[in-house]
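Keep in mind the model is a prediction, meaning the values are calculated, not measured.
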Amino acid sequence: MIKRGPLALGIAAGAGLYLYWQGGQLAAALSGGALDNAVWDLTGVSMSNWQDDLNNPVRGGPYRDAIAAAETRYGLPSLLLARQLWQESRYRPDIIACKVGSSAGAQGIAQIIMRWNPGVNPCDPFAAIDYAASKMAGLYNRYGTWEHALQAYNWGEGNLSNFLAGKTATMPAETRHYSAEILADVSVATGRVYA
């Protein structure tokens, strides 16, 4: 049985459910059998996305100008750092304030691990933003692509260097997805790096 309405969807045998964004709302379509191209109105159902969170006055809004200034200061492509910081913290106030950290010990808006990045306070979001932008510029200069810079930020420089040299056979799926998801949302063609 199939019902219309917010997330009240049942799927008939042989049908495939496809979710996609349309006009800022989550939409769904079914395909297969007699239900081919049926579309349901999911008005009122929304998913958080990085641009909404960046502009939210409680989440990313207080840091938006600092992020844009850091991108300009270090020559990062527009919105690359903004999107990366969302990937790291989802602009959650509890993460930014270091009330919640990762299992690896990463903290703050940029998920900085103090042991590998001494000299920056990850719980000071403005210092962490500047540090992350500077680090990304340095990683770009070292590896030559934004994809590799993002992968090194996520996985670690030593790990990426070993992978690129053929000393490590595989890259973790998390790292592949990390760079792919960020780069799918941001154009990096205009980046000019200032180290």
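- Looking at every heavy atom in both residues, L150 comes nearest to M136 through CD2-CE, 3.6 Å.
- Summarising the geometry of T168 relative to F163, their closest heavy-atom pair is O-CD1, 3.4 Å, with the distance given to 0.1 Å.
- Sorted by first and then second residue, the salt bridge (charged side-chain N to carboxylate O under 4.0 Å, His left out) pairs involving residues 127-151 (not counting sequence neighbours) are R73-D130, K135-E157, R142-E157.
- Side-chain atoms of E88 and Y178 include a donor-acceptor pair closer than 3.5 Å.
- With 3.5 Å as the limit, one finds no donor-acceptor pair spanning the side chains of N162 and N159.
- For the pair Y91 and R59, the tightest heavy-atom approach, listed with the atom from each and the gap, is O-CB, 3.3 Å.
- If you check the side chains of N117 and Y131, you find a donor sitting under 3.5 Å from an acceptor.
- Distance check: Q84 CD to Q111 CD gives 11.5 Å after rounding to the nearest 0.5 Å.
- Within the structure, the disulfide (SG to SG under 2.5 Å) test picks out the following pairs touching residues 101-162 (sequence neighbours left out): C98-C123.
- Y153 and S179 share no side-chain donor-acceptor pair at under 3.5 Å.
- Looking at residues two or more places apart in sequence or on another chain, you find a ring-ring contact (aromatic ring centres under 6.0 Å, His included) between Y63 and F126.
- Applying the side chain to side chain donor-acceptor pair (under 3.5 Å) rule to S89 yields no partners; only residues at least two apart in sequence or on another chain are considered.
- Note on residues 169-178: no pairs pass salt bridge (charged side-chain N to carboxylate O under 4.0 Å, His left out), not counting sequence neighbours.
- The other residues sharing a hydrophobic cluster with I113 are W116, where clustering joins ILVMFWY side chains under 4.5 Å apart.
- Side chains of T175 and Q151: no donor on one and acceptor on the other come within 3.5 Å.
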